[in-house]
Amino acid sequence: MSSVRVRFEPSPTGSVHIGTARAALFNWLYARKTGGSFILRIADTDKERNTQDALDELLRVLRWLGLDWDEGPDTGGDFGPYFQSQRGDIYNEYLKKLEDAGRVYEKDGAVFFKLEGERYTEYDSYHKAEIEKVRTEPVTIDDLIRGKVTRREERDFVLVRSNGDPGFHFVNVVDDISMGITHVLRGEDHLSNTSKHLELYKAFKATPPNFAHMPMILKDPKVGKGKMSKRDKGALIEEYQQRHFLPEAVVNFIALLGWSPKDGKEVLSIKEILERFEIKDIQKAGARFDEKKMSHLNFVYMKILPINEYENSAKKALAASELIDENVDSEYLRAVLELCRDKIDSFENLPGFSAYFFSDEFPVNEKALKKVWNRKGASDRLVEIAPRLQALEDWSESAIENAFLQLSNETGDKPFAWYPVVRFAVSGTNSGPDFLPMLELLGKELVVRRINDRLASVN
RNA sequence: GUCCCGUUCGUCUAGUCAGGCCUAGGACACAGGGUUUUCAUCCCUGCAACAGGGGUUCGAAUCCCCUACGGGACGCCA
């Protein structure tokens, strides 16, 4: 028995859709699972829309997700070329076979595939016209996910466009035959196209590959109806990169879109996914995109991220938001990151969470303003604590705590009475890292100054 | 409109193929409580689903049929 060969056939026209990424992942998983080959084939027959940049971007995204390929545009292989734009000779050769078999004809400058069967014309309500149809024999695929699916193709279709470029269905089938593809895992949107493909396999007297049609990824119902489009939030992998999501989390999330492991474990590394992946466990029904789940997974991975990787990603996120540059004190930065480590839920939120460590221009949280500051006696709390902090000679966590404790003893109020107000004064919000270490790190001069600034704002 | 595919908590899903172990399990989200003298984490509890109707059967989420609803295809896009 020959070994498994699967392919991923993206068209490099811009950004990578989440469904495209999932197709890549599932094909990759199946290849690695079976010890087969994962082939990358570039669908660049539409010349105007393809650029080198888009291709580079595509390869970058695949690598970011942790996917590698055995044959492809940059790695080569025995079945090349791996750009469809360079496979013209092969397409011509296969077109000749169809010509010789009398299965093609020309119309309006394009080459059509001729179906076999009785011809008749009929009014078609979709095309709103009288069109020619063919009474063909139904064709059946045994889909690895859906079982037997039978359908009849009833209209001739274009093989080569009038501008000379070969069309999708034709190149798709020719490439799968000539590259020895054994399994085709693709989106359900191709299920209806499969009858066209099967007709071509028949005409070429070739054995069709095994098909598996994955469910569509649908919009969050709160957002709208239908399949997720590239305009929807969360639809593009680039968006996750820009938002500093972890690739492990993204991979985990897209794997769970339409697939789930038998043992019910949800947080899975790509290796663990690989151990559990089975085509038959892929869901039939469309999967709805849930941004909250994506965020949660990202959060889980952040918690277990090794410290050096955490620091790298954190620095990137801070640099991207221009809170820090290369002049930043690396020891101070390290301490800040250490302090925020267990508090933040995403790198995306880190800049907002920690801005006040790096700049006096930090935003004031409206809710905190209402809840903490616009409250009777709030400014009195600052008036009480400010001189005591000012007077401290030893600016250590315990010394700071003592200052609060003393005040607490004298007034009978808990230290809790001052904490939120001071936190608000120095950070503009009511949540954040551990309070006392935060003050210590910020430094006496800055803490006292911000308290006074806050007080000055009322007068 | 025609054809194809689908339908379990708000969402992702387990269970369906081999009907009884399902008073339907987990996760996210949401609500309430607890731990934490801050903040977050964390822990506990709760909410919440077999689309509807007919069969078959001692017994159906599970098998069959119909209806409804959702999705996809119907391009000289891929």
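Order of the sequence lines fixes the chain letters, A, B, ..., with proteins taken first and strands second; residue numbering starts at 1 for each chain. What you see below is based on every heavy atom in this structure, not just the backbone, and it leaves out hydrogens, waters and symmetry mates. Bear in mind the structure is a predicted one, so any value in this text is a computation, not a measurement.
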Base partner of B:C69, which must satisfy Watson-Crick or wobble distances under 3.5 Å: B:G6
Strand partner of B:A24, provided both Watson-Crick or wobble distances fall under 3.5 Å: none
Euclidean distance, atom CG of residue A:L159 to atom P of B:C76 [Å, nearest integer]: 11 Å
Nearest-Å distance once atom C1' is located in both B:U56 and B:A14: 27 Å
Presence of A:R161 side-chain N/O under 4.0 Å of B:A78 phosphate oxygens OP1/OP2: yes
Ring center gap for A:F277 and A:F26 short of 6.0 angstrom: yes
B:A27 versus B:G46 - spacing of their P atoms, nearest Å: 12 Å
Interatomic distance at P, B:C12 relative to B:U57, whole Å: 36 Å
Any strand: nucleotide that pairs with B:A40 via Watson-Crick or wobble, under 3.5 Å: none
Nearest-angstrom distance from the residue atom CG of A:D44 to P of B:C77: 15 Å
Per A:D434 side chain, nearest of listed nucleotides B:C76, B:A14, B:C39: B:C39
Sugar-phosphate, base or nothing in reach of A:N172, heavy atoms under 4.0 Å: nothing
Pair partner, B:G1 [Watson-Crick or wobble, under 3.5 Å]: B:C74
Residue pair A:V6 / A:W28, side-chain heavy-atom distance below 4.5 Å: no
Partner nucleotide of B:G46 by Watson-Crick or wobble geometry (both distances under 3.5 Å): B:C30
A:R151 side chain near A:I141 side chain, heavy-atom distance below 4.5 Å: no
Of A:A110 and A:G264, the one whose closest RNA chain B nucleotide lies more 5': A:G264
Integer angstrom distance from the C1' of B:A31 to that of B:C9: 15 Å
Minimum side-chain heavy-atom gap A:I279-A:W259 below 4.5 Å: no
5' priority, RNA chain B, between A:I344 and A:E154 [closest heavy atom]: A:E154
Flag side-chain contact, heavy atom, 4.5 Å: A:Y94 against A:I177: yes
Whole angstrom value for the distance that separates C1' of B:A27 from CE of A:M294: 15 Å
Sugar-phosphate only, base, or nothing, as touched by A:F424 at under 4.0 Å among non-hydrogen atoms: nothing
Aromatic ring proximity A:F168/A:H190, centre distance under 6.0 Å: yes
Nucleotide of B:C76, B:G1, B:A73 approaching A:S192 most closely (side-chain heavy atoms): B:A73
Separation between the C1' atoms of B:U38 and B:C30, rounded to whole Å: 26 Å
Sugar-phosphate only, base, or nothing, as touched by A:F168 at under 4.0 Å among non-hydrogen atoms: base
Nearest-nucleotide pick for A:R288, side chain only, options being B:C4, B:G70, B:C28: B:G70
Nearest-Å distance once atom P is located in both B:U13 and B:C74: 25 Å
Sugar-phosphate only, base, or nothing, as touched by A:S431 at under 4.0 Å among non-hydrogen atoms: sugar-phosphate
A:K284, nearest nucleotide to its side chain (from B:G75, B:U41, B:G6): B:G6
N/O (side chain, A:Q283) to phosphate O (OP1/OP2, B:G6) under 4.0 Å: no
Any A:R151 side-chain N or O less than 4.0 Å from OP1/OP2 of B:C5: no
OP1 or OP2 of B:A73 under 4.0 Å from side-chain N/O of A:K227: yes
Sugar-phosphate, base or nothing in reach of A:K225, heavy atoms under 4.0 Å: sugar-phosphate
Nearest-neighbour nucleotide for the A:L218 side chain, B:G71, B:C28, B:C42 considered: B:G71
Heavy-atom check, side chain of A:M302 versus side chain of A:I344, under 4.5 Å: yes
Below 4.0 Å: OP1/OP2 of B:C76 and any side-chain N or O of A:H169: no
Residue-phosphate contact under 4.0 Å: A:K293 side-chain N/O, B:A29 OP1/OP2: no
Touch class at under 4.0 angstrom, heavy-atom based, for A:S195 against every strand present: nothing
Pair partner, B:C63 [Watson-Crick or wobble, under 3.5 Å]: B:G55
Charged N-O contact under 4.0 Å between A:E239 and A:R243: yes
B:G25 and B:G15, which share atom name P, separated by this distance in whole Å: 15 Å
Verify stack between A:F435 ring and B:C39 base, 5.5 Å, 30 degrees: no
OP1 or OP2 of B:G15 under 4.0 Å from side-chain N/O of A:K262: yes
Separation between the C1' atoms of B:U16 and B:A78, rounded to whole Å: 35 Å
Out of B:C4, B:U37, B:U38, whichever nucleotide has its closest atom nearest the side chain of A:Y419: B:U38
Closest to the A:A285 side chain, choosing from B:G6, B:A78, B:G75: B:G6
Sugar-phosphate only, base, or nothing, as touched by A:G187 at under 4.0 Å among non-hydrogen atoms: nothing
Closest listed nucleotide, where the reference is the side chain of A:E401 and the choices are B:U37, B:G71, B:C12: B:U37
